[in-house]
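Atom set for the values below is all heavy atoms of this structure, side chains included, hydrogens, waters and symmetry mates excluded. Chain naming here is simple, since letters A, B, ... match the order of the sequence lines and numbering starts at 1 in each.
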There are 2 protein chains.
Amino acid sequence: MKIADLEMTNPKLTESKFTHNRRDGASSMDAGNTMNENENAMLESSSESITIRAYGRLKQDIISGKLIPSQKLKIENLRRVYDAGSSPIREALSLLTSDHLVERIDQRGFRVAPVSEDEFAELLKTRIWLESIAVQQSILLGSEAWEEQVVLANYRLSRMPRFIAEDNTVANPSWETAHKHFHMTLIAECGSSIMLRFCNQLYDQNIRYRQLSAKKAYPERDIAEEHNAICDAVLARDSQKAVDLLVCHYQNTGDFVLKQLPK
Amino acid sequence: MKIADLEMTNPKLTESKFTHNRRDGASSMDAGNTMNENENAMLESSSESITIRAYGRLKQDIISGKLIPSQKLKIENLRRVYDAGSSPIREALSLLTSDHLVERIDQRGFRVAPVSEDEFAELLKTRIWLESIAVQQSILLGSEAWEEQVVLANYRLSRMPRFIAEDNTVANPSWETAHKHFHMTLIAECGSSIMLRFCNQLYDQNIRYRQLSAKKAYPERDIAEEHNAICDAVLARDSQKAVDLLVCHYQNTGDFVLKQLPK
DNA sequence: AATCAAAAAAATATCTAGATAATTGATAAC
DNA sequence: GTTATCAATTATCTAGATATTTTTTTGATT
């Protein structure tokens, strides 16, 4: 058979039906989502494949730290836990490989991506490089509608309690979602969806580190105030200031996480 | 079963046995490789899984343009062409998703990632952003050994004929490999393997566009001279000049490819 | 006849269960 | 100790079953 014969029907696909790497109907901002199975089922009924269901659950469990870094992911066990056959499980793990949350070693299976201080340092550094460019570009190119989205994202974040428990030990998942949304909005109009993909991926990897670092004793910094300052600089289209504040924001959080990281 | 039970043996994995997302024993610089099955078999014997074999071949066929952008990839046909069952094929396609060479739509299968002028423009822009930072960092941090690697990579590239045929119509695959190696070496010591991963991915995506653009009428520019100039600036640790030359190099090639892209 | 919607049929993607192959760990021989 | 061999575990693969999407057919309506 010739390669040209691979596609024997439908030589033209309607462009509107496809977008890049959709894994399900949801947006890529789903990492911090709080929907449980039932809510999901109500929204999507049975339309989601087992692979995607497993993908979503595994991703959550890795980011949240339920699955320990470097832990071997044995297909047989995953099958039982996530209630699926081995093909969907393998496929879900293969997809998670793109997010660098799972590592695949040929003939030797999968494991949760390991963590290290070095990698965290790289992560932080790289995020700062990329988001600095992206926020500068957004400030340069962003529309008025974008400005409004920034304001809105910041407002919604500010109304969200950071913790659920009184003693600041249990993070609020909705805050996580809103926080990610705020930061992604800041760079949303940088003009490169590729860049946004990278930043999104780095953000998720970063959350995992945050979750892994001590669950207690969160920083005393007034994070809401930092967000307000960034927001103001962005709205004033003060590129330099925005970058400085953003870098500082990330550096502070990063230093804190690094200190708390189980050695 | 509890999640903690997932890993019941091997609580500690020897770190040396794992590195991030290895898909096979080869380096990630394999995109332009010219090894055929037999050569590969000689090097690796039968140790490569069917999945990885299919992954490598599919990747080559997509980058080289044999598989047309937006083409639907039907499992049944791929099974016949690449001589494998559906599970390995699906897994290979899922892995290719990370490289953004294949697109997955839940319940609707896979297709070759589409191309567009817009995406190419984004690709070029993003590469320039990322590689500019990376080369600056390399110049800042690079060791003497790195300088030597740059010299060597440039030398090897310079000795390589760009085309196989006399009429400049057939690109030399070894040149492609050496070219990629040169550009990756320039940024190799930027201090972030994450950044290198991104650049590597963008480079591969970019090659595909180059392959897709008209096979004939390659630019008249003296590309070897451009490489020499970049090399010199890097060795002189002249960050600004190196970036300028690199950006110019990419921009020129990009403009050419864009013009040739089948509309 | 042309248009549309519903239903049926075909094609295709996805999944399961069990077979095969590779790796790992234990044991034995040196 | 070190290497070779065997057993157990686990990853990978195949073949066919099931579910979903896509295409075709049918039939009613204008």
(Q) What is the distance, to the nearest angstrom, from the CG atom on B:L73 to the P atom on C:dA13? (A) 9 Å
Q. Quick one: is B:S86 getting a side-chain N or O under 4.0 Å of the D:dT14 phosphate, OP1 or OP2?
A. no
Q. A:K74 side chain: which of D:dC13, C:dT24, D:dA11 is closest?
A. D:dA11
Q) The side chain of B:P88 lies closest to which of these nucleotides: C:dT16, C:dA22, D:dT14? A) D:dT14
Q) Side chain of B:S49: nearest nucleotide among D:dT21, D:dT14, D:dC13? A) D:dC13
Q: Heavy atoms only: give me the nearest A:L130-B:M195 pair and the separation to one decimal.
A: CD1-SD, 3.9 Å
Q) Given atom CD1 of B:I50 and atom C1' of C:dA22, what is their separation to the nearest angstrom? A) 12 Å
Q | A:E91 CD to D:dC13 C1', straight-line distance once rounded to whole Å | A | 14 Å
**Q.** Any A:K72 side-chain N or O less than 4.0 Å from OP1/OP2 of D:dT10
**A.** no
Q: Examine C:dA22: is either OP1 or OP2 under 4.0 Å from a nitrogen or oxygen in the side chain of A:R108? Give yes or no.
A: no
Q. Atom CG of A:N77 to atom C1' of D:dT9: distance rounded to whole Å?
A. 11 Å
Q | Residue A:I75, side-chain atoms from C-beta onward, closest of D:dA11, D:dA15, D:dT22 | A | D:dA11
